[in-house]
Amino acid sequence: MAQANTALVAACPGLHDQLPDALVRAHQRASAGQWVQVAFTLDGARVTDVAATDVAPSAGAPHTQRAVRWAVQALECNATASAPHRYTLDVRFVDPSDTARTQALALVDVTAVDAGQ
């Protein structure tokens, strides 16, 4: 998996396991290469203000956006920052027939950017 922002990984240590696990069904419906960008605020253990947009749309885009929003809202996090932080995640669904890439990325390629407060 691509490297996620270290502050986000520290706050949500299960990120790389939780998101792919939560998105297995969405992955079955998503097109290979579908790319969803999701922004959210992390305030301690609370994930709020989640918004998802398709960067590379497909026929199942609304369902996939919803699944990504729910998966991010369900992340188990515990940030120690004194103020809420806004993050942006890029979630790319990989082709399950590309076994080398699927094994390396566990179905979902996640990168994160700390957008600050």
Side-chain angles (χ1 to χ4, degrees):
M1 236 185 243
Q3 286 293 336
N5 177 283
T6 54
L8 179 59
V9 172
C12 308
L15 171 75
H16 288 296
D17 294 323
Q18 292 173 27
L19 275 183
D21 289 350
L23 293 172
V24 168
R25 290 189 68 186
H27 184 265
Q28 293 168 350
R29 292 183 178 177
S31 301
Q34 187 172 356
W35 174 8
V36 177
Q37 189 171 74
V38 60
F40 63 97
T41 300
L42 181 57
D43 186 3
R46 294 178 348 146
V47 176
T48 61
D49 303 322
V50 181
T53 0
D54 267 300
V55 177
S58 73
H63 170 78
T64 306
Q65 283 180 16
R66 193 168 38 255
V68 170
R69 275 195 319 268
W70 290 344
V72 169
Q73 285 174 324
L75 282 174
E76 294 175 14
C77 300
N78 192 12
T80 57
S82 59
H85 277 270
R86 189 90 178 143
Y87 291 95
T88 302
L89 286 177
D90 286 338
V91 178
R92 290 181 178 91
F93 291 88
V94 298
D95 183 351
S97 65
D98 183 350
T99 53
R101 203 158 175 224
T102 301
Q103 290 170 359
L105 300 177
L107 305 181
V108 179
D109 184 14
V110 178
T111 56
V113 176
D114 181 351
Q117 297 181 29

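These values consider heavy atoms only, across backbone and side chains, with no hydrogens, waters or symmetry-generated copies.
Atoms CD and OG1, from Q37 and T88 in turn, are 5.5 Å apart once rounded to the nearest 0.5 Å. One distance of note links CG of L42 with OG1 of T48; it measures 8.0 Å at 0.5 Å rounding. In this structure, F40 CZ and Q73 CD are separated by 11.0 Å, a value rounded to the nearest 0.5 Å. Rounded to the nearest 0.5 angstrom, C12 SG and L89 CG are separated by 8.5 Å. A distance of 6.5 Å separates CG of D54 from OG1 of T64, quoted to the nearest 0.5 Å.
In this structure, Q18 and E76 approach most closely via the heavy-atom pair OE1-N, 2.8 Å. Annotation for R92 and W35: closest pair NH2-CZ2, 2.9 Å, computed over non-hydrogen atoms. For the residue pair R86 and T41, the shortest heavy atom distance occurs at NH1-OG1, 3.0 Å.
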From CA spacing to verdict: side chain to side chain contact (heavy atoms under 4.5 Å, CB included), D43, R46: CA-CA 5 Å; D43 186 3; R46 294 178 348 146; 4.0 Å; yes
CA sep, side-chain torsions, deciding dist, call: L8, L15, side chain to side chain contact (heavy atoms under 4.5 Å, CB included): CA-CA 8 Å; L8 179 59; L15 171 75; 4.2 Å; yes
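Taking T80 as the reference, nothing meets the side-chain contact (heavy atoms from CB on, under 4.5 Å) condition, with sequence neighbours excluded.
Looking only at side-chain heavy atoms (C-beta outward), T53 and V36 stay at 4.5 Å or farther from each other.
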